[in-house]
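Proteins come first, then strands; the chains are lettered A, B, ... in the order of their sequence lines, and each starts at number 1.
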2 protein chains.
Amino acid sequence: MRRLINDPYDVVEEMLEGFCRAHNDYVHLYENDGRVVVSNLAPVKDKVGVIIGGGSGHEPLFLGYVGENFADAAVIGNINTSPSPEACYNAVKAVDAGRGCIYLYGNYAGDVMNFDMGAELAAEDGIRVETVTVTDDVYSSKNIKDRRGVAGDFFVFKIAAAKAAMGGDLDEVVAAASKANDNTRSMGVALSSATHPATGKPMFELADGEMEIGMGIHGEPGVRRGKLQNADKVVDEIMSHILPDLPFNAEDEVAVIVNSLGATPLMDLHICFRRVAQILDDKKIKIYRSFVGPYATTMDMSGMSITLMKLDDELKKMLDYPCATPYYIKK
Amino acid sequence: MRRLINDPYDVVEEMLEGFCRAHNDYVHLYENDGRVVVSNLAPVKDKVGVIIGGGSGHEPLFLGYVGENFADAAVIGNINTSPSPEACYNAVKAVDAGRGCIYLYGNYAGDVMNFDMGAELAAEDGIRVETVTVTDDVYSSKNIKDRRGVAGDFFVFKIAAAKAAMGGDLDEVVAAASKANDNTRSMGVALSSATHPATGKPMFELADGEMEIGMGIHGEPGVRRGKLQNADKVVDEIMSHILPDLPFNAEDEVAVIVNSLGATPLMDLHICFRRVAQILDDKKIKIYRSFVGPYATTMDMSGMSITLMKLDDELKKMLDYPCATPYYIKK
């Protein structure tokens with residue numbers, strides 16, 4: 001095991017303690033629930049509350065995106081485990097400013113169940129909570145509604161949060177999040193597993209020199225497993241799944257994420273980005289904004305994912321809307 | 001090998017192509033030298049030119065810190081190899097605005113030789129170039145002037161660049177960089193080597209379950225190698241070397257970096273930060289700003305380093321001075 005931790009059963013609490021101390025200019029733990037990271041500005045007067053969350057181990061997702069004009073709170077689960085219904089409910093109590101709240105998270109069964117229970121508890125208090133789940137992982141299902149959420153979370157959260165910050169009501173924030181999700185597609189490649197802190201072992205086996213294209217961020221099976229190919233070939237294969245799925249067409253404008261799953265260096269990500277740009281140039285698809293780095297990880301997993309979001313003037317405006325959080329600032 | 005690259009001999013050029021495309025709102029390659037990454041704002045009228053650089057493989061160091069009110073250019077070497085004297089000279093030509101330039105880089109023999117030759121070439125053109133090398137790595141030598149530069153680079157570059165952006169002349173920028181360097185101490189722990197792209201092999205051997213405390217970012221030998229301990233013990237040992245070295249004393253204010261060497265997750269970094277904060281609290285040393293993430297890496301190396309910079313009012317003002325680059329934004 002190559003991890004710097006203490007007792008494996010304390011990793012989430014100790015991470016939260018360190019996180020809220022390191023970034024105490026942005027966030028704090030909610031006084032009534034140690035699994036709710038709250039923006040120091042929340043509740044923001046007259047603003048729809050934006051609540052994100054999910055299992056731990058994907059940092060900077062989710063807690064790294066709590067702050068000004070982005071998420072108002074993140075609800076924290078254990079490693080690869082959804083947050084509790086109580087924590088989902090407590091996040092609403094922490095951030096609701098009288099205009100309702102939106103839950104935004106990747107589409108996983110446990111998260112859906114627990115966030116839905118949180119929304120029901122909030123409804124008993126007369127607080128309206130709506131939900132948009134992110135479903136950007138192209139290979140995870142033919143049926144879009146059944147797809148998982150991966151790094152596209154970042155785009156959907158950013159767009160919804162900007163709409164809320166611009167004064168949108170809950171229906172408008174839901175519409176913005178849904179539009180962003182409808183326009184976003186992702187797919188990744190894993191070159192290794194992550195080390196689960198509780199066992200000290202890989203979450204699954206993937207030999208050195210092998211890759212699995214389309215693998216999910218918890219190790220869900222992908223398109224195929226095979227010998228590691230060079231970066232250009234890997235990018236070509238991933239893009240061949242992403243581009244026709246929406247589809248993305250000539251003259252479209254897109255935002256791009258080339259995301260590290262944890263251990264893949266910025267050097268490699270930029271070599272991959274170079275190929276993404278070549279392909280988009282060939283297809284006359286215009287790159288409006290690029291994001292290269294660790295946006296949604298699986299701890300020390302080696303690998304990379306590509307996300308494209310098709311833009312229109314409204315989405316561009318929301319993507320560019322200023323925000324400030326520990327792990328993403330837009331001036 | 002778990003790397004996403006093409007021909008190993010093209011990694012730097014392909015990275016630079018991808019980097020300058022992804023971040024073309026901030027930087028471009030200098031037209032006369034493909035190893036000089038230049039800010040789109042350079043040369044900045046009436047400002048001292050700030051030039052950073054070194055070998056590749058430490059991203060986001062160096063090129064990730066080129067932009068507004070930070071470095072004006074980064075000079076790029078091959079993996080673990082200093083940039084050429086010509087590239088160091090060309091960077092001066094690219095950014096000099098008539099007030100001279102400063103070279104800032106980690107203290108390694110090859111870098112010193114080549115940057116010095118660059119400064120001599122610039123002197124023949126009548127351009128004054130001064131140098132401050134970063135020497136923050138506590139364990140690398142008893143003699144401070146012989147020490148290596150590691151993640152403390154980030155603080156020294158930030159301070160010097162802010163002084164330049166605030167209108168300081170070259171002597172003042174040199175003084176600010178020197179003061180930042182004098183006040184900065186670092187030390188790290190490696191849990192694995194990095195994979196050298198040319199060989200596909202680890203740069204050195206470090207078995208799973210072992211650690212080397214005090215190891216340099218190119219694999220230079222450390223204090224001791226032994227069985228991996230828990231995060232708190234590792235942090236305790238590193239802090240026991242850093243704190244007495246300056247020394248850092250009660251009532252001091254510090255900025256802290258807990259830096260990933262590449263593959264270590266944000267979860268682990270925050271668990272380490274928690275312990276750093278406990279130790280500083282115990283010693284009544286006040287944390288003014290915290291930085292947790294990959295600031296100076298060695299590609300896919302697993303490990304972490306801790307950097308402390310002692311602050312006064314002037315350093316605080318320069319640390320907080322707004323800037324915007326692809327990998328660091330201060331609002």
Side-chain angles (χ1 to χ4, degrees), chain A residues 1-7 11-12 14-19 21-23 56-57 59-60 64 189 191-192 194 197 208-209 228 230-232 234 256 258 262-275 277 287 290-294 297 299-300 302-304 324 326-327 329-331, chain B residues 1-7 11-12 14-19 21-23 56-57 59-60 64 189 191-192 194 197 208-209 228 230-232 234 256 258 262-275 277 287 290-294 297 299-300 302-304 324 326-327 329-331:
Chain A
M1 171 163 105
R2 286 175 159 138
R3 297 288 304 267
L4 282 164
I5 60 172
N6 297 303
D7 187 321
V11 288
V12 175
E14 291 189 355
M15 169 183 72
L16 291 175
E17 185 184 337
F19 188 91
R21 178 69 187 274
H23 310 291
S56 289
E59 294 73 25
V189 59
L191 273 56
S192 83
D208 192 357
L228 177 60
N230 74 31
D232 285 357
V234 170
V256 180
V258 174
T264 292
L266 283 181
M267 175 178 283
D268 303 31
L269 298 183
H270 284 99
I271 290 171
C272 292
F273 179 85
R274 168 184 168 275
R275 186 63 170 183
I287 300 173
S290 306
F291 302 81
V292 183
T297 72
M299 299 180 287
D300 56 350
S302 180
M304 176 274 303
Y327 286 91
I329 292 175
K330 176 72 188 173
K331 270 179 67 167
Chain B
M1 172 161 106
R2 287 175 159 137
R3 298 288 304 269
L4 282 165
I5 60 172
N6 297 304
D7 186 321
V11 289
V12 175
E14 291 189 354
M15 170 183 73
L16 290 175
E17 185 185 335
F19 188 91
R21 177 70 188 271
H23 310 291
S56 290
E59 295 74 25
V189 59
L191 273 56
S192 84
D208 192 358
L228 177 61
N230 73 32
D232 284 359
V234 170
V256 180
V258 174
T264 292
L266 283 180
M267 175 178 282
D268 303 31
L269 298 183
H270 284 99
I271 290 170
C272 291
F273 179 86
R274 166 185 170 274
R275 186 62 169 185
I287 300 173
S290 305
F291 302 80
V292 183
T297 72
M299 298 180 287
D300 56 350
S302 180
M304 177 271 306
Y327 286 90
I329 292 174
K330 175 74 186 172
K331 270 178 68 167

Region of A/S302 in contact with chain B, defined by heavy-atom distances below 4.5 Å: side chain
- line: Assert top hit (heavy-atom pairs under 4.5 Å, partner chain B, pool A/M1, A/K330, A/K331, A/E14) equals A/E14
- request: Write down the atom of A/A22, the atom of B/V292, and the distance for their closest heavy-atom approach.
  value: CB-CG2, 3.8 Å
statement: Greatest number of non-hydrogen atom pairs under 4.5 angstrom with chain B, of A/V11, A/V12, A/T297, A/D7, falls to A/V11
message: Rounded at 0.5 Å granularity, tell me how far CG in B/L266 sits from CE in A/M299.
response: 12.0 Å
- prompt: Are the side chain of B/D268 and the backbone N or O of A/I5 linked by a donor-acceptor pair below 3.5 Å?
  reply: no
query: Just by distance, do the side chain of A/N6 and the backbone of B/D232 share a donor-acceptor pair under 3.5 Å?
result: yes
All salt bridge (charged side-chain N to carboxylate O under 4.0 Å, His left out) counterparts of A/R2, not counting sequence neighbours: none
- request: Please examine the side chains of A/V189 and B/L4, heavy atoms only from C-beta on, and report whether any two atoms are closer than 4.5 Å.
  value: yes
task: May I ask you to decide if the ring planes of A/H270 and B/Y327 are parallel, tilted or perpendicular, using 30° and 60° as cut-offs?
output: perpendicular
field: Proximity breakdown for A/P60 and chain B, heavy-atom pairs closer than 4.5 Å
entry: both
query: Do you know which two heavy atoms are closest between A/I287 and B/R21, and how far apart they sit?
result: CD1-NH2, 3.7 Å
message: Measuring only between side-chain heavy atoms, which start at C-beta, is B/E59 closer than 4.5 Å to A/L269?
response: no
task: Please determine, among B/G262, B/S192, B/G303, the option with the most heavy-atom pairs under 4.5 Å with chain A.
output: B/S192
task: Could you check which of A/I329, A/N230, A/D208 has the highest count of heavy-atom pairs closer than 4.5 Å to chain B?
output: A/D208
task: Please round to the nearest 0.5 Å and tell me the distance separating atom CZ of B/F273 and atom CD of A/E17.
output: 10.5 Å
